[in-house]
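For reference, the structure is listed below as structure tokens.
Starting from 1, each residue takes its place in the sequence as its number. All figures in this text were calculated on a predicted structure; none of them were measured in a lab.
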Amino acid sequence: MRRFPGVDIIEREWKYFAMRQRLHTLPASIGTPTRSRFILAVALACLVGLGLRGAFQPADPPSHATVGIVWHDEGVWVHNARNRVLFDQWRTDGWNPMFVSPVFTGIEWSVFKALGVGLSQARLPSILFSALSVLALAVGIRSVGTRSSAAIAACLAATNYIYVMYGRVALLEATMIGLMVMAWSAYAASRRRPVLGFVAGALAVTSFCTKASAAFFVVGLGLDCCWALYRHVAATRSGATESQDTAQEARAAGWTLTGLVVFSMAALLAFVIPNWSEYAFYNIKLYGQRRAASGLSVVITRASWFPIVHDFFTRMLALTWLSMAGLLAGLIDWKRRPAGDRLLSLWLALGVMELILQDTGNERRFVYLIPAMIGVASLTLGRDRRLLPEHVRELTLKQAWWLLPIAAFALYTGWGALARLPFLYEPKPGVRLAALLAVISLAGGLAFWRRGVGRFLTTTWMPASALAVAAVIVAGDLAQYTQWAAGRTYKNVEASREVGRLLPWGTPVLGKLANGLALENGIRPLYVGLHFGNYDDKELWARVPYVLTYLAPRIGYEGETILEVLHASPGWRVTARFPVSESTGGRDLAGLIVKPIRASPPMSR
């Protein structure tokens, strides 16, 4: 029987269509986990995150390919907690960081009181708070996204190399960020249970009392609450159909603002006002004035160097590009996004602004961006499954003019992470190349928006593609962790123990490095900073015979102030040397120095 000529073509097209449908539904089933598989995935991610942070303690932080961790600051920040446990008093000298971070000091004191003083004990709060932030991030993302996006967020947070490394050391960042993530998670969940907003406000204030760098987050939380209340009032007046939805967000915003006000007042009355002179000195004069921008040129320099001077964005290249796209999508869709989603965008935007206004020279200040970057990227991969919302193709240039500067800086950040590589020790060439690439890509995107760029940026991915991208990011982070673990050292903890073998209990020792090497012994470290700490007590300098400082890379590597201490006592000599790991390469040397002293009564125990 003779067939109609077009039948073969129709059959081929139908088979091709059926094959595409099967290929589409198969990844969809893979990318959408059941409830039990979702819980299992998050639980495994939390266990992996805890394991990566807790394993190989108390090994040195990365030095061969450093992520900006200053290991000797661990002893600096736990100084008052250590004093209280070992010497039964909070203050023993002129350095008292408990006025910078009362929450962190209290947590460290609790751990030392229960488990004893030691480097591993000092790191325990950071390990726990960083690991808890993995779970909190997954719970929050599930409140505003899908199971897939929440599972992706848990996996990325559990394994992110920089985030893991800062979750292993006794610095302020891990505890502060952990509280910020918990606050954000409670706020995201408050859209269903408004009373959780009170918890979010309380945790946000607590994060600020851990480190004042969290101020931008408190501001962002307050701004989003005000927006939610304003939107509800506007919807009620206009009789809009979404007034029921805005009412729930408004109730959550009310609870959140109540939590912010109540806990802020409690912090003022219980701690700030009774200790105002010390609090103002440490938080306003010492850190605020030193890091505040002093002119337009300083702001421009910090903004241009933002993605250039550190490895931060280079180590997270894919995550950086995804989070920048997710930030743009969140701003475009601002009015359609739930409260927790909006707060992620504010977290990134205000966090970057604070860095530019305060300090981009210290890599560890960037770390608080990581949870927000992971959250935005996981929603882009697992919920939206496109870089930009589809309706952005309908916007005219007149409607989107405000978005162009933000898109330009986002592109500059993404390109800067790559452009810096040929010029690692020269910022200016990297700045110029990144700016050129950003301008070209933005101009090209606008010119070819209607010819394919817009369609590419708004094309929906299959779930399996999103999972594959997440798997590549996780693999890259685990590879970096494996490289560090294979070459890890324990120089710093061994140096601290050697100091304890050389010096009797209660021996006073001058220098910032004395704090860093005090967690495995019983010495009395006396911090000397530039016009703070024990800087002005020259009599103390004269009667203390011991100094701990770097000998390599150079004497005074931790700060030039220690040279003043040495110059004030001619005739000093190095009595012991300890290998330590701080600068790139990790082949550093600390020295115990003995110097002449004046006759004076010995310091009491």
Side-chain angles (χ1 to χ4, degrees), residues 65 68 162 293 295-332 345 348-349 351-363 365-366 369-370 373 376-377 380 386-388 392-393 395-459 469 472-473 476:
I162 299 176
L296 182 61
S297 62
V298 175
V299 174
I300 293 173
T301 299
R302 288 175 178 170
S304 62
W305 285 18
F306 176 70
I308 302 294
V309 293
H310 302 300
D311 291 335
F312 184 81
F313 296 108
T314 306
R315 288 185 178 276
M316 305 184 296
L317 192 59
L319 184 64
T320 297
W321 281 94
L322 283 170
S323 60
M324 293 299 104
L327 174 61
L328 292 174
L331 294 176
I332 293 168
S345 297
L348 276 180
V352 170
M353 288 175 60
E354 179 173 292
L355 283 170
I356 292 173
L357 292 174
Q358 291 289 330
D359 182 16
T360 56
N362 197 324
E363 191 169 1
R365 306 197 193 284
F366 287 66
L369 297 177
I370 294 177
M373 293 171 68
V376 168
T380 300
R386 57 165 67 97
L387 293 176
L388 295 178
V392 73
R393 296 167 62 184
L395 296 177
T396 63
L397 188 60
K398 186 177 181 180
Q399 293 172 322
W401 64 269
W402 59 271
L403 194 63
L404 294 181
I406 302 173
F409 190 74
L411 287 168
Y412 174 73
T413 301
W415 284 120
L418 285 172
R420 61 181 294 274
L421 291 176
F423 319 101
L424 285 178
Y425 303 105
E426 292 183 78
K428 287 185 179 180
V431 168
R432 293 171 183 149
L433 179 57
L436 178 62
L437 291 172
V439 169
I440 292 174
S441 54
L442 182 60
L446 293 174
F448 294 96
W449 184 259
R450 304 287 183 185
R451 301 181 185 180
V453 173
R455 184 179 301 173
F456 168 76
L457 294 176
T458 57
T459 297
V469 172
V472 169
I473 295 174

Exercise. Quick one: list whatever passes side chain to side chain donor-acceptor pair (under 3.5 Å) with T458, sequence neighbours left out.
Key: none
Quiz item: Which atom names give the shortest non-hydrogen contact between A408 and A438, and what distance separates them?
Solution: O-CB, 4.0 Å
Quiz prompt | Residue pairs fulfilling salt bridge (charged side-chain N to carboxylate O under 4.0 Å, His left out) with at least one residue in residues 435-445, sequence neighbours excluded | solution = none
If you look only at distance, which donor and acceptor atoms sit under 3.5 Å apart when one is on a side chain in residues 400-407 and the other is two or more places apart or in another chain?
unit_1 : atom_1 : unit_2 : atom_2 : d
W402   : NE1    : Q399   : O      : 3.2

Show every donor-acceptor pair shorter than 3.5 Å between a side-chain atom in residues 314-322 and any protein atom, with sequence neighbours excluded, or say none if there are none.
unit_1 : atom_1 : unit_2 : atom_2 : d
T314   : OG1    : A417   : O      : 2.8
T314   : OG1    : R420   : NH1    : 3.1
R315   : NH1    : Q480   : OE1    : 2.5
R315   : NH2    : A65    : O      : 2.8
T320   : OG1    : F313   : O      : 3.4
T320   : OG1    : M316   : O      : 2.7

Self-check item: Any T413 side-chain heavy atom under 4.5 Å of V352 side chain
Solution: no
Self-check item: Closest non-hydrogen atom pair, L355 against R302
Solution: O-CD, 4.5 Å
Quiz item: Can you name the residues that form a side-chain contact (heavy atoms from CB on, under 4.5 Å) with V439, not counting sequence neighbours?
Solution: none
Quiz item: What residues, two or more places apart in sequence or in another chain, satisfy side chain to side chain donor-acceptor pair (under 3.5 Å) together with W415?
Solution: S441
Please tabulate, for the side chains in residues 421-431, all donor-acceptor contacts under 3.5 angstrom to protein atoms that are two or more places apart in sequence or on a different chain.
none

Self-check item: Rounded distance [0.5 Å steps], CD in E354 versus OG1 in T360
Solution: 12.5 Å
Quiz item: Side chains of Y412 and I308: does their closest heavy-atom pair fall under 4.5 Å?
Solution: yes
Self-check item: Results of side-chain contact (heavy atoms from CB on, under 4.5 Å) for E363 - residues two or more places apart only
Solution: H310, D311, F312
